[in-house]
Amino acid sequence: MTTRILIADDQEDVRIGFRLILDSQPDMTVVGEAADGHDAVGLARHLRPDVVLADIRMPRLDGLEVTRSLAGQTRVIVVTTFDLDEYVHTALRNGACGFLLKRSGPALLVEAVRAAMAGDTLISPQVTVRLLAHLRTPAVPAPPATSPSLAEPLTERELEVARLVAHGRTNAEIATELFIGSGTVKTHVANVQRKLAAANRVGIAAWAWSSGTVTGP
C-alpha cells in the first residue's frame, strides 16, 4: 500500500529535496506541493493525502495552524528549522503526528512518515532530549499508575508498554521486546491513552517521566 504525501513549504528547494527523498521509497509517493499554509489546507482536503509535511513558517497560514485545521482528517508531521519549545508544544497539542528538524536528515524523514502511518509519533532526538530533561523535574508530579485520581489503574503489562513508549520505542520494537504481537501492542497503547486521558504517545511519555514511572536513561 502506497503512502500518499503532501509537502507544504515556502522554499522550493526544500520541496524538491523532500520529493526526491520520498518518491525514491517504494511505498511512498508525493501527490502534491503547497508554497503556503492556506493552499496546503485546501490541497489536503481535495487530495486527501495520508500524510502532510508542514513547515512552521509559511505565508498566509503557518504550519501550526495547518496542523490544527487538519487534525483528525489526516496525519501532519511538522518539519522545521526552528526547534523552539513553544513550537514543539503547540504542534503536539494541535495534533501533530511528528516534529522533525530539517537538519535531522533523509532517513529520519522517511522513518517519521512510516511511524505516523503506524500510529506512532516521532520527534527529532535533539528535541526529545530537551523535552525529557524538563519532564524529569516537574513542578507538580503527575499521579502514579495506582493513584485514586486515575479511574482505572494501569496493569503491569500496560506499565511496561508505557515505559517503552517513554523511551521512544515504536510499536514494532515494543512487540519484539515484550514478545507480543503488534496488534496487542496497539491495544495496550490505546488502553493506556484512555486511562491516562492522553491525547497521543507523547502524552503517555510525559506522564511516565513526570510521574516517576520512568526514572533512568
Hey, any chance [X] and [Y] share a hydrophobic cluster, counting ILVMFWY side chains that come within less than 4.5 Å of each other, even indirectly?
| X | Y | result |
| --- | --- | --- |
| L6 | L22 | no |
| L64 | V41 | no |
| V66 | F99 | no |
| V76 | M117 | no |

Heavy-atom closest pair, residues [X] and [Y]:
| X | Y | value |
| --- | --- | --- |
| K102 | T81 | CD-OG1, 3.6 Å |
| R75 | C97 | CB-SG, 3.8 Å |
| A35 | P59 | O-CD, 3.7 Å |
| A172 | S182 | CA-OG, 4.4 Å |
| V78 | A91 | CG2-CB, 3.9 Å |

Value rounded to 0.5 Å, distance of [atom1] in [X] from [atom2] in [Y]:
| X | Y | atom1 | atom2 | value |
| --- | --- | --- | --- | --- |
| M28 | T2 | CE | OG1 | 10.0 Å |
| D9 | R15 | CG | CZ | 7.0 Å |
| R57 | D62 | CZ | CG | 9.5 Å |
| L196 | N191 | CG | CG | 10.5 Å |
| L108 | I21 | CG | CD1 | 11.0 Å |

Excluding sequence neighbours, so at least two apart, what forms side chain to side chain donor-acceptor pair (under 3.5 Å) with [X]?
| X | value |
| --- | --- |
| Q11 | none |
| E111 | none |
| R68 | E65 |
| T74 | none |

Enumerate, atom names and distances included, each donor-acceptor pair closer than 3.5 Å involving a side-chain atom of residues 45-56, sequence neighbours excluded.
| residue | atom | partner | partner atom | Å |
| --- | --- | --- | --- | --- |
| R45 | NH2 | S69 | O | 3.4 |
| D50 | OD2 | R4 | N | 2.7 |

How about [X] and [Y]: do any of their side-chain heavy atoms sit closer than 4.5 Å?
| X | Y | value |
| --- | --- | --- |
| I5 | F18 | no |
| E160 | E177 | no |
| T184 | R157 | no |
| Q25 | R114 | yes |

Set of residues satisfying side-chain contact (heavy atoms from CB on, under 4.5 Å) with respect to [X], sequence neighbours excluded:
| X | result |
| --- | --- |
| E173 | R169, T170 |
| R19 | I7, D23, V30, E33 |
| A115 | D120, L122 |
| A162 | V192, I204, W207 |

Subject >> I16: hydrophobic cluster co-members (side-chain, 4.5 Å) >> reply: L20
Original post:
Is there a donor-acceptor pair closer than 3.5 Å between any side-chain N or O of N171 and the backbone N or O of K186?
Top reply: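 A pair under 3.5 Å: no.
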**OP:** Under the salt bridge (Lys or Arg N to Asp or Glu O under 4.0 Å) rule, collect the residues that match up with R60, sequence neighbours excluded.
**Re:**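 Scan of R60 (salt bridge (Lys or Arg N to Asp or Glu O under 4.0 Å), adjacent residues dropped) gives D36, D39.
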**OP:** Could you check H188, K195, R163 and say which one makes a side-chain hydrogen bond (donor to acceptor under 3.5 Å, both in side chains) with E158?
**Re:**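 Testing E158 for a side-chain hydrogen bond (donor to acceptor under 3.5 Å, both in side chains) against H188, K195, R163 leaves exactly one candidate, K195.
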